[in-house]
Amino acid sequence: LVGVNGGPDAGTGGISVVSLEDPANPVEVFFFAGPNSIWREGKGWNHHAYITTEAESGGITIVDLSPLPQSTNLPAILWEAPDWTTSHSLFIDENGRLFIHGANRGNGGAIMYDLTRDPMAPVEVGSFDQWYCHDSFARGDSLDAAHIYGGFFSIVDVSDPAAPVLLGTRATPSN
């Protein structure tokens, strides 16, 4: 998966799926257009790829990779939340919970979605929006969130994503 910035024309950015079957000769096998942006972050879960961007109307690009390698006709959508349009980064835990960070909603904290019901239609299950969240890592019931502008990280119990509980914070070196 390769994030594509795009050129001077609108809509030339997006996500490219590149075959490395012959590593010396990579071949683009699929392209899904999206807004032009120098920033894209992608993660995979099961047979789907989720890509976020800081573009003004980027939402999340979702690509179903399950037809590969037999077919390069990949179902893909630009999924847009009803209350945010752009985000900085994302993380997906082992249970299919998607964490969106730095969205243009509230303080830009972590928004949590369930991908298990329908991987092409995330369902919001909660948020931790006390501070801007630049990035995070989640495992089991814990979310480790980086608050870059505040100069600290937090550990949050997300066993009930609708009611996250702050367990503690710690300053980061050089803030």
Side-chain angles (χ1 to χ4, degrees), residues 1-105 108-125 127 132-140 143-146 148 158 161:
L1 300 174
V2 179
V4 178
N5 179 13
D9 297 328
T12 55
I15 186 72
S16 176
V17 178
V18 178
S19 170
L20 298 176
E21 184 175 21
D22 178 359
N25 297 298
V27 175
E28 181 180 76
V29 296
F30 178 80
F31 180 78
F32 186 76
N36 294 3
S37 176
I38 62 165
W39 183 258
R40 284 190 165 70
E41 181 171 271
K43 300 280 192 270
W45 184 74
N46 284 349
H47 299 289
H48 291 79
Y50 298 84
I51 301 95
T52 189
T53 178
E54 292 180 340
E56 289 182 24
S57 60
I60 301 172
T61 298
I62 304 173
V63 182
D64 181 351
L65 302 170
S66 61
L68 293 172
Q70 292 79 16
S71 172
T72 57
N73 184 16
L74 307 179
I77 61 168
L78 176 59
W79 181 86
E80 295 181 318
D83 56 356
W84 61 268
T85 57
T86 181
S87 65
H88 173 69
S89 62
L90 58 89
F91 183 82
I92 305 172
D93 74 7
E94 70 276 14
N95 299 311
R97 189 177 297 164
L98 167 67
F99 297 82
I100 295 294
H101 318 109
N104 61 333
R105 173 178 116 177
I111 307 170
M112 295 169 265
Y113 292 90
D114 179 9
L115 300 177
T116 63
R117 300 175 197 179
D118 181 350
M120 297 294 281
V123 175
E124 185 172 341
V125 293
S127 68
Y132 174 84
C133 182
H134 181 75
D135 209 342
S136 77
F137 178 85
R139 179 68 42 104
L143 173 70
D144 300 337
I148 190 170
V158 291

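All values below come from the heavy atoms of this structure, side chains included, with hydrogens, waters and symmetry mates left out. Numbers for residues simply follow the sequence, beginning at 1.
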Find out whether V29 and V18 are in side-chain contact, i.e. whether some heavy atom of one side chain is under 4.5 Å from a heavy atom of the other. no
Tell me every residue that passes ring pair (Phe, Tyr, Trp, His ring centres under 6.0 Å) with Y132, counting only those two or more places apart in sequence or in another chain. Y149
Mark yes or no for whether N36, through its side chain, and G7, through its backbone, hold a donor-acceptor pair below 3.5 Å. yes
Can you tell me how far apart OG1 (T116) and CG (L98) are? Round to the nearest 0.5 Å. 11.5 Å
Any chance CD of E94 has more than 12 other-residue heavy atoms, nucleotides or ligands included, within less than 6.0 Å? yes
Specify the closest pair of heavy atoms between R40 and S37, including all atoms of both residues, with the distance to one decimal. NH1-O, 3.2 Å
Under 3.5 Å: donor-acceptor pair, side chain of T52, backbone of L90: no
Going by heavy atoms in the side chains, are Y50 and Y113 under 4.5 Å from each other? no
Take V4 and T12 through the test side chain to side chain contact (heavy atoms under 4.5 Å, CB included) and record every step on the way to the result. CA-CA 8 Å; V4 178; T12 55; over 6 Å; no
Could you tell me whether the side chain of F30 reaches within less than 4.5 Å of the side chain of S16, counting heavy atoms only? no
Closest non-hydrogen atoms of M112 and P161, given as atom of the first, atom of the second and distance, are CE-O, 3.6 Å
Quick one: does S89's side chain get under 4.5 Å of S136's, heavy atoms only? no
Identify the heavy atoms of P26 and L20 that sit nearest to each other, and give their distance. CB-CD2, 3.9 Å
Measure from the side-chain N and O atoms of D22 to the backbone N and O of A24, and report whether any donor-acceptor pair falls under 3.5 Å. yes
Taking D114's backbone N and O only, do any of them form a donor-acceptor pair with R117's side chain (distance below 3.5 Å, no angle check)? no
Compute the centroid of each ring, for H134 and then for H88, and state whether the two points are separated by less than 6.0 Å. yes
Spatial distance of atom OG1 (T72) from atom CG (L65) [nearest 0.5 Å]: 12.0 Å
Are V17 and L68 side-chain neighbours, meaning at least one heavy-atom pair lies under 4.5 Å? yes
Could you pull out the closest heavy-atom pair between A49 and L1, with the gap in Å? CB-CD1, 3.5 Å
At what distance, to the nearest 0.5 angstrom, does CH2 of W39 lie from CD of E41? 5.5 Å
For E124 and R105, what are the C-alpha separation, side-chain angles and deciding distance, and is it a salt bridge (Lys or Arg N to Asp or Glu O under 4.0 Å)? CA-CA 13 Å; E124 185 172 341; R105 173 178 116 177; 2.9 Å; yes
L115 vs V123 side-chain heavy atoms within contact, under 4.5 Å: no
Validation row: I62, P119 side chains within 4.5 angstrom (heavy atoms): no
Positive for side chain to side chain donor-acceptor pair (under 3.5 Å) with N104, one of T85, D83, T86: T85
Decide side chain to side chain contact (heavy atoms under 4.5 Å, CB included) for S87 and H101; before the verdict, give the C-alpha distance in whole Å, the side-chain angles of both, and the deciding distance to 0.1 Å. CA-CA 6 Å; S87 65; H101 318 109; over 6 Å; no
Using the rule given for side chain to side chain contact (heavy atoms under 4.5 Å, CB included), can you reason through F32 versus I51, listing the C-alpha separation, both sets of side-chain angles and the distance that settles it, and then say yes or no? CA-CA 11 Å; F32 186 76; I51 301 95; over 6 Å; no
Could you tell me how the ring of F91 sits relative to the ring of F99: parallel (under 30°), tilted (30 to 60°) or perpendicular (over 60°)? tilted
Given side chains that start at C-beta, do those of R97 and V158 come closer than 4.5 Å, heavy atoms only? yes
Atom pair CD1/CG of I15 and L74 - distance to nearest 0.5 Å: 11.0 Å
Where do V63 and A76 come nearest, in terms of heavy atoms and distance? CG2-CB, 4.0 Å
Any chance you could measure L143, atom CG, to C133, atom SG, to the nearest 0.5 Å? 6.5 Å
For I60 and I77, what are the C-alpha separation, side-chain angles and deciding distance, and is it a side chain to side chain contact (heavy atoms under 4.5 Å, CB included)? CA-CA 8 Å; I60 301 172; I77 61 168; over 6 Å; no
Under 3.5 Å, is there a donor-acceptor pair linking the side chains of S66 and D64? yes
